[in-house]
Student: 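Got a structure here, written out as structure tokens. Questions coming.
The sequence lines fix the lettering, A, B, ..., with proteins before strands; numbering per chain opens at 1.
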Protein chains: 2
Amino acid sequence: MSIKYAILGLLQYSDMHGYRIKAHIEKNFGHMWSINFGQIYPSLKQLQEEGLVNMLEIAPSENGGPRKKLYSITPKGVKELSKWLTEPTGKSILIRDPFLLKFAFFGFGEDANALTIIDEQIEFFESQLKRRQTNRKKWERQGVYVRLLAELGVTQNQMYLEWLHHAKKEVEKNMKRARREKA
Amino acid sequence: MSIKYAILGLLQYSDMHGYRIKAHIEKNFGHMWSINFGQIYPSLKQLQEEGLVNMLEIAPSENGGPRKKLYSITPKGVKELSKWLTEPTGKSILIRDPFLLKFAFFGFGEDANALTIIDEQIEFFESQLKRRQTNRKKWERQGVYVRLLAELGVTQNQMYLEWLHHAKKEVEKNMKRARREKA
DNA sequence: TGACAGGTATATAAAAAATATATAGTCTTC
DNA sequence: GAAGACTATATATTTTTTATATACCTGTCA
């Protein structure tokens, strides 16, 4: 249940409502955390019951606008978060990368098909890299930790892209060799 | 439900029972997939019902030994797997890294505490890197795809370790500056 | 003008997956 | 011979993900 702490931590940066929390995590923490609405709204309700956050219902303005629920962290919440910060991390990372899983079994299919899917992946990560590089600048003057995380995001993305290009070349080499052997 | 395909793919490499499947994924695919028994045994049962795998119950040998259920992929399973291989990957990666999440909020705690937890992480990834480097040699003569995945595992791990060391230095620098400012 | 796509915002049911725990036997080593 | 680690399967509980519903706003394009 560390989603609880993800939310608590974000609220210590600034007050937010559910929708913003998701957008913020996706934009800035996408390389280390995934989240979805199905967790956010129930978690916020629970955090409120535990007295770790406060909720302020914001009435729609005169010209309409959606109803919002602005959440802020309570002193009790701040205490809970800093307790968690000192606990050893334990447990390992949870990863599920559908592309790499498929990659592991490309040997059972056609190389040409593999190349198509690799290209898809390259395209996706190229656009993501641009976004992260822009984002990184925004975090540059913030605290050390946030800056370092943004750096990691960019470095990771670059490394992964390099690997994808390398993989593409290797697969092409492999296809040529296979054709030669058949001839 | 891509765990189904993870299992199917592994079974195309070789026949296995549940326990081996988990060990294999952890050892070789740890950088791209997480799995646990709570999924494996029900999934195997389901795959069998769908006729995608066969199950062979192995009686314990004369001198005892645990009961095993050896699973193998069926021709229908092979067809299903290769159909999946051609489908576009869609969806993005799912990641949940409790260390990096905590890292994002270290700014609200003590730098000394952050250093302790960073050191824990360095230790863990150093031992993992050794394991992956050994593992990589084993995959070197296998197919292109498997070899490339093992390479990615090592590269990723190295990059992450470098970042951890870099982060440690930056945090130390930050502590010194804070002390100077206080004085 | 009005229709449609896209964005903001909250919410929940249903499906899938993760965590924790139980059982049971083997093998090693002290 | 006892303790601890490893092999092996299984499942209940909790947590998370996916899918979908509602509602209102803004911009645009025909």
Student: Measure from CD1 on B:I7 to C1' on D:dT9 and round the result to the nearest Å.
Tutor: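 So the CD1-C1' distance, B:I7 to D:dT9, works out to 14 Å.
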Student: Does atom CD of A:E123 have more than 12 heavy-atom neighbours from other groups under 6.0 Å away?
Tutor: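 No, the 6.0 Å shell around CD holds no more than 12 heavy atoms from other groups.
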Student: Could you tell me how far apart A:I35 (CD1) and D:dT17 (P) are, to the nearest whole angstrom?
Tutor: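 Taking atom P of D:dT17 as the reference, CD1 of A:I35 is at 8 Å.
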Student: Within a radius of less than 6.0 Å around CD of A:Q133, do more than 12 heavy atoms belonging to other residues, nucleotides or ligands occur?
Tutor: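 Yes, because the 6.0 Å sphere around CD of A:Q133 holds more than 12 heavy atoms from other groups.
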Student: Between protein and nucleotides 10-13 of chain D, what N or O pairs are separated by less than 3.5 Å?
Tutor:
residue	atom	partner	partner atom	Å
D:dA10	OP1	B:K69	NZ	2.4
D:dT11	OP2	B:K45	NZ	3.2

Student: Out of C:dT19, D:dT9, D:dT17, which nucleotide sits closest to the side chain of B:N36?
Tutor: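 Closest of the options to the side chain of B:N36: C:dT19.
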Student: Rounded to whole angstroms, how far apart are NZ on A:K4 and P on D:dT16?
Tutor: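 For the pair A:K4 NZ and D:dT16 P, the rounded distance is 11 Å.
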Student: Give a yes/no answer on whether the side chain of B:R96 brings an N or O atom under 4.0 Å of OP1 or OP2 in D:dT17.
Tutor: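 Yes, within the criterion.
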Student: Starting at atom CD1 of B:I95, determine the distance to atom C1' of D:dT16, rounded to an integer number of angstrom.
Tutor: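 Roughly 16 Å, once rounded to whole Å.
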Student: Is the CD atom of A:E110 crowded by more than 12 outside heavy atoms at less than 6.0 Å?
Tutor: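 Result for CD/A:E110: open.
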Student: What integer distance in Å separates A:W33:CH2 from D:dT16:P?
Tutor: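 Rounded to the whole Å, the gap is 8 Å.
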Student: Between B:F103 and A:Y145, how do the two ring planes meet: parallel, tilted or perpendicular, split at 30° and 60°?
Tutor: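 Geometry flag for A:Y145 against B:F103: perpendicular rings.
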Student: What is the distance, rounded to the nearest whole Å, between atom CD1 of A:I3 and atom P of D:dT15?
Tutor: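 Rounded to the whole Å, the gap is 10 Å.
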Student: Among residues 10-32 of chain B, which contact DNA chain C at a heavy-atom distance under 4.0 Å?
Tutor: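 Nucleic-acid contacts, sorted: none.
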Student: Just list the side-chain donor-acceptor pairs under 3.5 Å for residues 155-164 of chain B, sequence neighbours left out, or say none.
Tutor:
residue	atom	partner	partner atom	Å
B:T155	OG1	B:E151	O	2.8
B:Y160	OH	B:Q121	NE2	3.3
B:W163	NE1	A:L148	O	3.1

Student: What's the CG-P distance between A:L94 and C:dA17, to the nearest Å?
Tutor: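 For the pair A:L94 CG and C:dA17 P, the rounded distance is 11 Å.
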Student: For the pair A:R147 and A:Q142, evaluate side chain to side chain contact (heavy atoms under 4.5 Å, CB included) and give the outcome as yes or no after the intermediate values.
Tutor: CA-CA 6 Å; A:R147 199 191 75 223; A:Q142 304 298 314; 5.9 Å; no
Student: Just say parallel, tilted or perpendicular for the rings of B:F105 and A:F29, cut-offs at 30° and 60°.
Tutor: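 Ring orientation, 0 to 90° scale: tilted.
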Student: Verify the neighbour count for atom CD of B:E87: are there more than 12 heavy atoms of other residues, nucleotides or ligands below 6.0 Å?
Tutor: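 Yes, the 6.0 Å shell around CD holds more than 12 heavy atoms from other groups.
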Student: Cation over ring, A:K22 on A:F37, under 6.0 Å and within 45°?
Tutor: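 Pair A:K22/A:F37 counts as cation-pi.
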Student: Take the protein atom CD1 of B:I40 and the nucleotide atom C1' of C:dA16, then report the distance between them rounded to whole Å.
Tutor: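 It works out to 15 Å between those atoms.
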